[in-house]
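Just so we're on the same page: letters track the sequence lines, and every chain starts at 1. The model shown is predicted, which means the values in this text are computed figures rather than measured ones.
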2 protein chains.
Amino acid sequence: MIPEELLESHQAFRKKYAKGAIIFREGELPNHYFQIIHGEVKMCNFNDDGREFIQGIFSTKQSFGEPPLFLNRLYPANAIAVSDCELFILSKPLFLNLINENASVSMAIIENLAQRLHYKSVMAAEISSQEPEHRLLKLIDYSIRFFKTEKEKEGYRIDLTRQQMADLTGLRVETVIRSIKALEKKNEIKIINRKVYR
Amino acid sequence: MIPEELLESHQAFRKKYAKGAIIFREGELPNHYFQIIHGEVKMCNFNDDGREFIQGIFSTKQSFGEPPLFLNRLYPANAIAVSDCELFILSKPLFLNLINENASVSMAIIENLAQRLHYKSVMAAEISSQEPEHRLLKLIDYSIRFFKTEKEKEGYRIDLTRQQMADLTGLRVETVIRSIKALEKKNEIKIINRKVYR
DNA sequence: TTTACTTTATGATTTGAGTCATAAACCGAT
DNA sequence: ATCGGTTTATGACTCAAATCATAAAGTAAA
């Protein structure tokens, strides 16, 4: 999102995380801007009985975790590496400088936040009021535009496990599996050796 | 959010809406920036069978509906006047100018978006994975900080109808009524002639 | 190729929020 | 004071998703 050159010229450093590593935790005070060089990161919450809710999955060139940085608020969720990954990290004061100096960066930030707010608006309305199949279809369509998909001859391949879909929509795995099958029967999607295509 | 003087010096105009009036509709192309002078506005979706989901309720000095403006996307929800209200309206090109010229305005926009994203993150995790009482309590605590409350000797008075709470959390009115009562029994909240206090 | 683990799959059962019906309490306008 | 509309309230019943149990299929590592 922020061009590499700019980040590097402003003393951002690189850091690698192994799959499963925790980048920051819910409740911590944010001190840095993070942008993905390669790999994938999820932001998620765990509720009292250990169930996970995935706020979003981010990949190359995307940033995450800025909102509380601007609000002097604690992180509302955890950031965890979904795969091995490498990040640019920029300290809060340097990041804020960069924004103030550079109108195009601040516009990029605005667009990025607007983007994520849009996703949340759409999914919030879905999650709260629709049946599982509808919810999943929306997630699938949304994920095609924004994460984890590759275009193949059979259509777009959704690179999410059933469990991830469950955690993104607030459903249980079993419900996702059953709904996915129902959607296949209705010809809304295809399943080719367990992968979902649309 | 954007100072009145600035809005006026940039040719924003004022417009009044009666209670219930539709300011814009889901699916329309955004052309303006809106900021509330007085009154309240809700953004909401209606699903196939007419049920409403409230994305947020906004009041004095708050703006709404910017995200799709930045993304050249259609409105994902309707904006409806909850009470009689008056708004500042600024055309898209003038608004974008204003942001580009003025770093403090663009920072204000960033903070505003971050704020709303934060609310959505918190509520998304709640809505998708918690029991009604937990969900409602979170909404109540959040609404104390951000909308529709007044501090009284009995505590904060939540100025939301049961129906609004239902539409904000994705629950049904009856469930809200029952859960609110259960919360009162557990001494989490007070109910004084039908109003909720916390 | 065997082992250990993850992901997908499927049936049986439970449960709690949704739905439906009905009514009381409240509020504003005439 | 009366009337129409909204908001709150409550009970009975339904049903779909969650839960529980169990296993097959796939995958990665030793």
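Distance CG (A/L160) to P (C/dT8): 10 Å, rounded to an integer number of Å. In this entry the distance linking CG of B/D167 with P of C/dG18 reads 12 Å, nearest Å. We find that CD1 of A/I177 is positioned 8 Å from C1' of C/dT7, with the value rounded to whole Å. As rounded to whole Å, 11 Å separates atom C1' of C/dT19 from atom CZ of B/R51. Nucleotide C/dT7 holds its C1' atom 17 Å from the CD1 atom of A/I158, rounded to whole Å. Separating the CD atom of B/E131 from the P atom of C/dT15 is a distance of 16 Å, rounded to the nearest angstrom. Atom-to-atom, CD of A/E184 to P of C/dT8 comes out at 14 Å; the value is rounded to the nearest Å.
Annotation: side chain of A/L171 is in contact with side chain of A/L136 (closest heavy-atom distance under 4.5 Å).
Of the candidates B/F13, B/Y17, B/F24, B/F24 is the only one forming a ring-ring contact (aromatic ring centres under 6.0 Å, His included) with B/F34.
Mapping A/N193 and A/E174 onto DNA chain D by nearest heavy atom places A/E174 closer to the 5' end of the strand. Positionally, the nearest nucleotide of DNA chain C for A/K195 lies more toward the 5' end than for the other of A/K195 and A/R178. For B/K181 and A/R194, each mapped to the nucleotide of DNA chain D holding its nearest heavy atom, the one lying further toward the 5' end belongs to B/K181.
With a heavy-atom cut-off of 4.0 Å to chain A, the contacted part of DNA chain D has its first and last nucleotide at D/dA17 to D/dG26.
The side chain of B/R172 places an N or O atom within less than 4.0 Å of a non-bridging phosphate oxygen (OP1 or OP2) of C/dG18.
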Subject >> Criterion side-chain contact (heavy atoms from CB on, under 4.5 Å) on B/R198 and B/S143, from CA distance to verdict >> reply: CA-CA 11 Å; B/R198 168 149 174 111; B/S143 80; over 6 Å; no
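Listed here is the closest heavy atom pair of A/A12 and A/F88: CB-CD2, 4.2 Å.
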